[in-house]
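One structure is given here, and the rest of the page talks about it.
No experiment lies behind these values; they were computed from the predicted model shown. Labels below follow one simple rule: chain letters A, B, ... track the order of the sequence lines, proteins then strands, and each chain is numbered from 1.
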Amino acid sequence: MRIATWNVNSLNARLPRVEEWLEYAAPDVLCMQETKVAEASFPTMALSALGYESASHGDGRWNGVAIVSRVGLDDVARGFEPGVDEQGCRIMAATCGGVRVHSVYVPNGRVVGSEHYLAKLAWLDELRSHLERSASPSERVAVCGDFNIAPDDRDIYDRQALEGSTHITEPERKALAAIEDWGLVDGFRLLHDEDELFTWWDYRAGNFHKHLGMRIDLILLSRSLAETASFALVDRNARKGKQPSDHAPVLIDVA
DNA sequence: ATGGTTGCGAAGCAA
């Protein structure tokens, strides 16, 4: 079973690239983030034509997450518990091919110490609580998405250049570690321990071609699922060419 | 490597 995650930065703008990618990468499940599309106007038919069922959670303008699957899509749950993340549209889950799959878009945080940064840390804490309430680490669980955190210094291009900015601070990394401590492992890292295998590059200043990026898009797997991981890849080709997202998709094959 | 680009939506913000 091939599981993928991709921050598409507007599904409306990216639909041709997503369709192309589904055809050649052939994931069984694709989690998307920053779809920026309302549930009512989600391109369900276009994805159905490629053999994928869809479920989404979005308000149409900001954020938005989706899961598309060709191995079943059941028990869809949107947001955290009632009253939390009602406007954010940053998390949803579905059961696909026997795996409880989550698509998450962690808040960016903007500036270290700002209210948005504190909200990011609170959101990550809520994600840990949500997993405790709604899933079991002994089952087949995948938490996929744009975490807006580079797990360690292998995942950034230069420690000094980024000092003082978000995505690399200890509180963010500890919050991610607390989520992993629930019972998840970084699937991509199981199969690749090299540095500078980035998943996101700023559109500006030719950063992609200068190899100035971060690895912030992660596929976290429960242990039983992680044990079966056989192949993982960041598809940098999807970051090239006409109208790319600023993120590349990440995929992993599990049994 | 502090200067840039893209998306949304129609100016300026978020990333």
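Remark: R173(A) does not engage D155(A) in a salt bridge, criterion side-chain N to carboxylate O under 4.0 Å. A salt bridge is defined here as a Lys NZ or Arg NE, NH1 or NH2 lying under 4.0 Å from an Asp or Glu carboxylate O, and D28(A) with R2(A) fails to meet this definition. With respect to E227(A) and R223(A), no salt bridge is recorded, no charged nitrogen being found less than 4.0 Å from a carboxylate O.
The CG-C1' distance, from L15(A) to dG7(B), rounds to 15 Å in whole Å. Taking atom CZ of residue R204(A) and atom P of nucleotide dA14(B), one finds them 13 Å apart after rounding to whole Å. The NZ-P distance, from K120(A) to dA15(B), rounds to 10 Å in whole Å. Rounded to a whole Å, the CG atom of N12(A) is 11 Å from the P atom of dG7(B). One can place CG of N108(A) at 13 Å from C1' of dC13(B), the figure rounded to the nearest angstrom. dC13(B) atom P lies 13 Å from atom NE2 of H116(A), rounded to whole Å. A straight line from NZ of K242(A) to P of dT5(B) spans 19 Å, rounded to a whole angstrom. One can place CE of M214(A) at 12 Å from C1' of dA1(B), the figure rounded to the nearest angstrom.
The residue among T35(A) and L212(A) whose nearest nucleotide of DNA chain B is located toward the 5' end is L212(A). Comparing N9(A) and N148(A) against DNA chain B, the residue whose closest nucleotide sits nearer the 5' end is N9(A).
The side chain of Y203(A) lies closest to dT5(B), out of dC8(B), dT5(B), dA15(B). Among the nucleotides dA15(B), dC8(B), dA1(B), the one closest to any side-chain atom of Y157(A) is dA1(B). For R61(A), counting side-chain heavy atoms from C-beta on, the closest listed nucleotide (dG9(B), dA15(B), dA1(B)) is dG9(B). When the nucleotides dA1(B), dG7(B), dA15(B) are ranked by their closest atom to the side chain of Q243(A), dG7(B) comes out on top. Here dA14(B) is the nucleotide among dC8(B), dT6(B), dA14(B) with the atom lying nearest to any side-chain atom of W62(A).
dG3(B) and dA15(B) have their P atoms separated by 23 Å, with the value rounded to a whole Å. Spacing of P atoms, dG4(B) relative to dC8(B), comes out at 24 Å, to the nearest Å. Between the C1' atoms of dA11(B) and dT6(B), the separation comes to 16 Å (whole Å). As rounded to the nearest Å, dA14(B) and dG9(B) have P atoms that lie 14 Å from one another.
Within a 6.0 Å radius of NE2 in H211(A), other residues, nucleotides and ligands contribute more than 12 heavy atoms.
Contact annotation for D158(A): base contact, defined as any heavy-atom pair under 4.0 Å involving a base atom.
Here the options are L212(A), D153(A), I156(A), T169(A), the test is side chain to side chain contact (heavy atoms under 4.5 Å, CB included), and the partner is L162(A); only I156(A) passes.
R128(A) places a side-chain N or O within 3.5 Å of a backbone atom of A178(A) that can act as its donor or acceptor partner.
Proximity of R110(A) to the phosphate of dA15(B): a side-chain N or O atom is located under 4.0 Å from OP1 or OP2. For dT6(B), the OP1/OP2 oxygens have no side-chain nitrogen or oxygen of S245(A) closer than 4.0 Å.
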